[in-house]
Amino acid sequence: MDSRIPAFRLPTGKAMPALGLGTWQLTGDVCTAAATKALGLGYTHIDTADFYGNHAEIAQALANASRKRGELFLTSKVKPFDLRHDDLKASAARLLEELKTEYLDLLLIHWPNKEIPMAETFTALAELVAEGKARHIGVSNFTVRHLTEALQVSKVPIAVNQVEFHPGLYQKELLAFCKEHDILVTAYSPLGRGGLTDDAALAAIGEAHGKSAGQVALRWLHQHGIVAIPKASSEAHLKENMDIFDFSLTDEEMARIDALPGKRLVNPPFAEFED
Ligand SMILES: NC(=O)c1ccc[n+]([C@@H]2O[C@H](COP(=O)([O-])OP(=O)(O)OC[C@H]3O[C@@H](n4cnc5c(N)ncnc54)[C@H](OP(=O)(O)O)[C@@H]3O)[C@@H](O)[C@H]2O)c1
């Protein structure tokens with residue numbers, strides 16, 4: 001693992017790089033080029049999903065990289081319509097084929113689906129862990145209510161909850177619940193879908209550290225013990241986003257960012273959020 005990007009510990013004791021490349025809306029040659037560039041710069045963690053339609057491009061970038069599979073951390077996600085036992089097993093087998101890999105470091109349920117009993121879904125996930133096809137399993141877009149139910153039925157640790165998290169959406173209670181249950185939080189849309197990169201309050205804090213508003217947003221997540229997966233396509237953005245491990249925000253700066261206003265940016269019709 002590249003020494004420039006630190007890692008957080010998963011319940012298995014394995015390391016998860018604290019920063020990865022998000023790939024939603026990255027497809028085709030732009031996706032292959034961005035992921036290849038990221039791996040060349042020292043990123044070792046890539047986040048994709050069945051929904052993103054870019055597994056072939058990610059597989060190509062992994063093939064272009066000189067790194068061994070064991071040095072990389074690859075996450076993908078199953079669609080919420082594929083959570084029946086047999087659908088999930090078939091979906092996972094196809095994801096592995098598309099990604100040209102024997103296993104995923106992390107396999108997530110992309111969104112909860114109240115129509116399908118969680119016990120059935122988590123039985124399939126535990127089987128995938130036993131078969132060595134998923135090193136860890138987890139969830140995404142789960143609220144405390146979903147997690148409470150999942151923790152009751154899962155026979156394997158729920159390693160991660162990937163949720164929208166950024167200075168405009170400080171999900172304090174959810175973070176505390178996850179920490180209490182040893183679930184690592186991964187922040188999606190950590191730059192507020194790009195909107196926080198010119199936020200005046202973050203820029204003012206960054207000035208004292210010689211850092212940009214986006215770097216302050218990513219550093220705030222890191223100091224809260226949260227993995228971040230910013231999506232970036234240019235080399236300049238990829239480099240800027242990983243250059244956050246040589247400075248610290250003070251307690252006072254952290255508190256100011258905690259209190260910033262904002263709102264949820266990702267809320268599709270099938271979401272099961274309570275706010
Ligand atoms: N589990 C889920 O349901 C879910 C939902 C949403 C997202 N995600 C994951 O989270 C990842 C990140 O979230 P996101 O893509 O929504 O948004 P994001 O990472 O918050 O923001 C991405 C945007 O910021 C821009 N950007 C990146 N670095 C920048 C920099 N240094 N300066 C200025 N602009 C910069 C990118 O532009 P360029 O491309 O031009 O660099 C892009 O437009 C996704 O790609 C996906 O992997 C998961």
Side-chain angles (χ1 to χ4, degrees), residues 17-35 37-38 41 43 45-55 57-58 61 73-81 83 99 104-113 137-143 146 160-169 171 174 184-199 202-203 206 211-222 226-244 262-273:
L19 189 87
L21 175 69
T23 66
W24 182 27
Q25 294 173 332
L26 270 179
T27 52
D29 292 347
V30 179
C31 179
T32 314
K37 244 181 269 162
L41 287 169
Y43 285 73
H45 167 190
I46 295 192
D47 180 84
T48 180
D50 200 11
F51 265 142
Y52 303 169
N54 62 14
H55 283 159
E57 290 93 324
I58 301 297
F73 193 99
L74 187 57
T75 301
S76 192
K77 319 183 191 83
V78 290
K79 291 177 180 167
F81 333 111
L83 301 185
L99 285 162
L104 287 164
D105 296 279
L106 181 62
L107 178 64
L108 303 179
I109 298 173
H110 204 149
W111 293 86
N113 182 347
I137 59 103
V139 296
S140 179
N141 296 299
F142 271 40
T143 62
H146 295 116
V160 164
N161 186 20
Q162 183 182 123
V163 293
E164 181 177 340
F165 213 117
H166 47 72
L169 190 69
Q171 303 206 60
L174 181 62
L184 195 54
V185 171
T186 295
Y188 76 62
S189 306
L191 299 171
R193 310 229 61 219
L196 292 172
T197 59
D198 54 11
D199 180 271
L202 297 177
K211 297 289 178 181
S212 68
Q215 288 172 316
V216 170
L218 296 174
R219 182 71 204 183
W220 175 79
L221 289 165
H222 186 64
I226 297 174
V227 174
I229 46 168
K231 175 255 181 186
S233 26
S234 67
E235 183 160 340
H237 286 172
L238 288 165
K239 274 190 177 154
E240 183 178 327
N241 296 346
M242 70 190 288
D243 186 19
I244 60 158
K263 62 174 171 56
R264 192 182 286 286
L265 303 172
V266 179
N267 198 355
F270 53 80
E272 297 178 8
F273 300 127

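For clarity, every value in this text was computed on a predicted model and none was experimentally measured. All ligand and atom numbering here is 1-based and tracks the order in the structure.
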Which heavy-atom pair separates [X] from [Y] by the least distance, and what is that distance?
{"X": "Asn161", "Y": "Phe142", "result": "ND2-O, 3.0 Å"}
{"X": "Ala203", "Y": "Ala213", "result": "N-CB, 3.7 Å"}
{"X": "Ser140", "Y": "Pro112", "result": "O-CD, 3.7 Å"}
{"X": "Leu265", "Y": "Arg193", "result": "CD1-CG, 3.9 Å"}
{"X": "Glu57", "Y": "Gly28", "result": "OE2-N, 2.7 Å"}
{"X": "Leu202", "Y": "Ala217", "result": "CD1-CB, 4.1 Å"}

Ligand 1 atoms in contact with [X] (distance to a heavy atom under 4.0 Å):
{"X": "Thr197", "answer": "32 (N), 33 (C), 34 (N), 35 (C)"}
{"X": "Pro230", "answer": "19 (O)"}
{"X": "Ala232", "answer": "27 (C), 28 (N), 39 (O), 41 (O)"}
{"X": "His110", "answer": "1 (N), 2 (C), 3 (O)"}
{"X": "Gln162", "answer": "1 (N), 2 (C), 4 (C), 8 (N), 9 (C), 48 (C)"}

Out of curiosity, is Gly214 lining ligand 1, as in a heavy atom under 4.0 Å away? no
Would you check whether Gly194 has a nitrogen or oxygen atom less than 3.5 angstrom from a nitrogen or oxygen atom of ligand 1? yes
To the nearest 0.5 Å, atom CD of Glu164 lies from atom NZ of Lys263 at 9.0 Å
Nearest neighbour of [atom] from the list [options], on a heavy-atom basis:
{"atom": "atom 46 (C) of ligand 1", "options": "Phe51, Tyr52, Tyr188, Trp111", "result": "Tyr52"}
{"atom": "atom 42 (C) of ligand 1", "options": "Gln215, Lys77, Lys231", "result": "Lys231"}
{"atom": "atom 11 (C) of ligand 1", "options": "Thr23, Ile229, Ile109, Thr186", "result": "Ile229"}

Where on Pro190 is there a heavy atom closer than 4.0 Å to ligand 1, on the side chain, on the backbone, on both, or on neither? both
What part of Arg193, side chain from CB on, backbone N/CA/C/O, both or neither, has a heavy atom under 4.0 Å from ligand 1? both
Give the residue and atom name of whichever protein heavy atom lies nearest to [atom], and the separation in Å to one decimal.
{"atom": "atom 47 (O) of ligand 1", "answer": "Asp47 OD2, 2.7 Å"}
{"atom": "atom 45 (O) of ligand 1", "answer": "Trp24 N, 2.9 Å"}
{"atom": "atom 30 (C) of ligand 1", "answer": "His237 CD2, 3.3 Å"}
{"atom": "atom 38 (P) of ligand 1", "answer": "Ser233 OG, 3.2 Å"}
{"atom": "atom 13 (O) of ligand 1", "answer": "Ser189 N, 3.0 Å"}
{"atom": "atom 28 (N) of ligand 1", "answer": "Asn241 ND2, 3.0 Å"}
{"atom": "atom 3 (O) of ligand 1", "answer": "Asn141 ND2, 2.9 Å"}
{"atom": "atom 20 (O) of ligand 1", "answer": "Leu191 N, 2.8 Å"}

For Leu104, which of Thr75, Leu99, Thr48 qualifies under side chain to side chain contact (heavy atoms under 4.5 Å, CB included)? Leu99
In this structure, which one of Pro190, Ser212, Pro230 forms a side chain to side chain contact (heavy atoms under 4.5 Å, CB included) with Asn241? Pro230
Output yes when Asp243 and Lys211 qualify as a salt bridge under the 4.0 Å nitrogen-oxygen rule, no when they do not. yes
Measure the shortest side-chain to side-chain distance between Lys77 and Asp47 over non-hydrogen atoms and say whether it is less than 4.5 angstrom. yes
Quick check: Tyr52 with His110 (ring centres under 6.0 Å apart)? yes
